[in-house]
Amino acid sequence: MEKLIIEGGKPLCGTVRISGAKNAALPLIAATLLAEGVHTLTNVPDLRDTRTILRLLESLGITWERQGTTLKIDSTNLTYSEASYELVKTMRASVLVLGPLLARLGKAKVSLPGGCAIGARPINFHIKGFEQLGVTCRLEQGYVDAEIAGRMQGCTIYFDVPSVTGTENLVMAAALAQGTTIIKNAAREPEIGNLVDMLTAMGAEIGGRDTDRLTIHGVERLYAAESEIIPDRIETGTYLIAVAATGGKVTVTDCNPVHLPSLLDKLRAAGIEVKETDNTIMLDATGGRKLKGVDITTMPYPGYPTDLQAQFMALMAMSNGVSMVHETIFENRFMHVAELHRMGADITIDGRTAVVKGVGRTGFNGAPVMATDLRASSSLVIAGLAAKGRTEISRIYHLERGYEQMVEKLTALGATVWKEQE
Ligand code: EPU
């Protein structure tokens with residue numbers, strides 16, 4: 001296993017290019033199962049998670065090739081309909097093949113993901129939606145065994161809570177159903193808009209993009225098409241917060257500022273200068289300005305993203321004020337707190353709220369810490385970059401699931417950071 005070593009205390013400066021979004025690439029890759037032929041996806045990040053879903057596609061009989069950031073996937077020979085526990089346990093998003101397999105083959109057997117470090121994360125909304133579309137779902141020996149004779153039938157689906165991959169799974173299934181499906185209280189994350197655009201390019205008829213009510217008029221066939229993955233808003237936010245934490249000045253390029261309304265507002269409220277163009281964000285935290293404490297509450301898009309909660313908490317722990325961090329999406333997403341304590345943070349947890357008493361940028365010292373999940377890991381990287389001295393982060397395979405070339409990108413911004421075998 002590898003660990004990440006950071007010699008902290010240096011402001012990040014320069015320019016960093018953002019990669020394609022992990023959480024858009026995963027559903028778009030799964031969507032290629034819906035139509036035979038050669039699909040082209042561009043701006044695809046090369047991450048542990050994108051490699052996992054490609055391995056899953058291979059296990060279903062699909063072939064693919066990558067040239068740089070372009071992926072060509074030939075979905076013609078879709079021969080198998082089972083996603084094994086071995087693959088699903090390493091990446092929950094594997095469940096995204098359920099909808100496409102049902103739509104194309106009328107059957108799918110997908111391992112139940114089980115819990116993960118940030119919460120129980122059930123898939124009951126997905127299953128309820130498939131059943132409403134006419135699918136018979138049996139839960140047996142840790143697998144969802146789903147089947148339908150003929151096409152799924154359009155229906156109205158309501159989410160108790162907006163679910164990102166739930167919305168994606170059901171939109172993909174409904175695209176090939178008979179009749180019209182309406183999804184109410186649908187998630188509105190930009191990655192879903194990216195998927196809707198891809199499905200539309202493939203011949204699907206979908207109304208209500210970017211709203212909480214999607215109307216899908218099922219079609220008989222879809223066709224292979226070309227689609228571009230949107231920039232990763234969580235990677236963008238992570239770099240912005242890292243620059244703010246180190247008191248640096250960086251221009252983030254190839255991003256979409258429109259997808260980060262809440263974070264940019266919070267950064268400005270903390271006293272940081274942020275300037276946007278169509279596809280760049282310049283953040284200036286130089287001049288030794290003190291950070292103000294700012295409260296955040298995680299919410300479905302366009303609210304503050306849970307995937308940037310841990311990183312912002314690390315920043316607030318270095319502020320000169322007090323802030324409240326309220327996590328409403330996942331019940332166990334404060335695993336980074338105990339690790340941040342080891343570096344000097346003063347944070348108290350009360351249920352789903354963390355009270356963060358800022359200790360100032362100089363209050364953080366490097367320490368050995370442990371990564372527990374993807375976004376918790378990036379908060380430790382941020383803390384390590386800002387802290388005095390050496391931080392060693394073990395279990396960094398979590399980071400590699402979602403951040404492309406993080407060591408290279410940080411090094412180019414002036415950080416002293418490298419990987420070592422544990
Ligand atoms: N939920 C249920 N039942 C379901 C589905 C969801 O109770 O059937 C609950 C969840 O437990 C949670 C809430 O609904 O409390 C929202 O979960 P959602 O389904 O939206 O999460 P997800 O689709 O499993 C995606 C991202 C996550 C991100 C969340 C929230 C992908 C591949 N994953 O997960 O990303 O945190 O939405 O925005 O898109 C990450 O990238 O680090 C990551 C965890």
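As a basis for the values below, the full set of heavy atoms in this structure was taken, side chains included, without hydrogen atoms, waters or symmetry mates. Counting from 1, the numbers follow the sequence of the chain as shown. Remember, it's 1-based here, ligands and their atoms both numbered in the order they're listed.
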Tell me whether [X] has any N or O atom under 3.5 angstrom from an N or O of ligand 1.
X	answer
Glu189	no
Asp307	yes
Arg121	yes
Phe330	no

Per-atom contacts, ligand 1 versus [X] - under 4.0 Å to a heavy atom:
X	answer
Thr306	30 (C), 36 (O), 38 (O)
His126	8 (O)
Ala93	32 (C)
Ile329	12 (C), 15 (O), 16 (C)
Leu374	42 (O)

Going by heavy-atom distance to [atom], choose the closest among [options].
atom	options	answer
atom 13 (C) of ligand 1	Asp49, Val161, Leu308, Thr298	Val161
atom 5 (C) of ligand 1	Ser378, Ser377, Pro122, Pro162	Pro122
atom 19 (O) of ligand 1	Pro27, Gly303, Ser163	Ser163

Does ligand 1 have an atom under 4.0 Å from some heavy atom of [X]?
X	value
Arg333	yes
Ala187	no
Lys22	yes

Check whether any side-chain N or O of [X] sits under 3.5 Å from a backbone N or O of [Y] as a donor-acceptor pair, and report yes or no.
X	Y	value
Glu65	Leu71	no
His39	Thr32	yes
Arg48	His398	no
Glu2	Glu420	no
Asn43	Glu228	no

### Query
Is the Tyr143 to Tyr85 ring centre distance short of 6.0 Å?
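No: the rings miss the under 6.0 Å criterion.
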
List the atom pairs, with distances to 0.1 Å, where a side-chain N or O of residues 167-189 and a protein N or O form a donor-acceptor pair under 3.5 Å, not counting sequence neighbours.
from: Thr167; atom 1: OG1; to: Ser163; atom 2: O; distance (Å): 2.6
from: Thr167; atom 1: OG1; to: Ala187; atom 2: N; distance (Å): 3.1
from: Asn169; atom 1: OD1; to: Gly99; atom 2: N; distance (Å): 2.9
from: Asn169; atom 1: ND2; to: Val95; atom 2: O; distance (Å): 3.0
from: Asn169; atom 1: ND2; to: His126; atom 2: ND1; distance (Å): 3.1
from: Gln178; atom 1: OE1; to: Gln153; atom 2: NE2; distance (Å): 3.1
from: Thr180; atom 1: OG1; to: His217; atom 2: ND1; distance (Å): 2.8
from: Asn185; atom 1: ND2; to: Phe159; atom 2: O; distance (Å): 2.7
from: Glu189; atom 1: OE2; to: Tyr301; atom 2: N; distance (Å): 3.0

Between side-chain atoms of residues 103-110 and protein atoms elsewhere (two or more places apart, or another chain), which donor-acceptor pairs fall under 3.5 Å?
from: Arg104; atom 1: NH1; to: Leu33; atom 2: O; distance (Å): 2.8
from: Arg104; atom 1: NH1; to: Ser75; atom 2: O; distance (Å): 3.1
from: Arg104; atom 1: NH2; to: Ser75; atom 2: O; distance (Å): 2.9
from: Arg104; atom 1: NH2; to: Thr76; atom 2: O; distance (Å): 3.1

### Heavy-atom pair with the smallest gap, counting every atom of Ile18 and Asp254
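Nearest heavy atoms, Ile18 then Asp254: CB-O, 3.8 Å.
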
### Task
Just do the side chain to side chain contact (heavy atoms under 4.5 Å, CB included) check on Glu205 and Val219 with the steps written out, would you?
CA-CA 7 Å; Glu205 292 177 19; Val219 294; 3.9 Å; yes

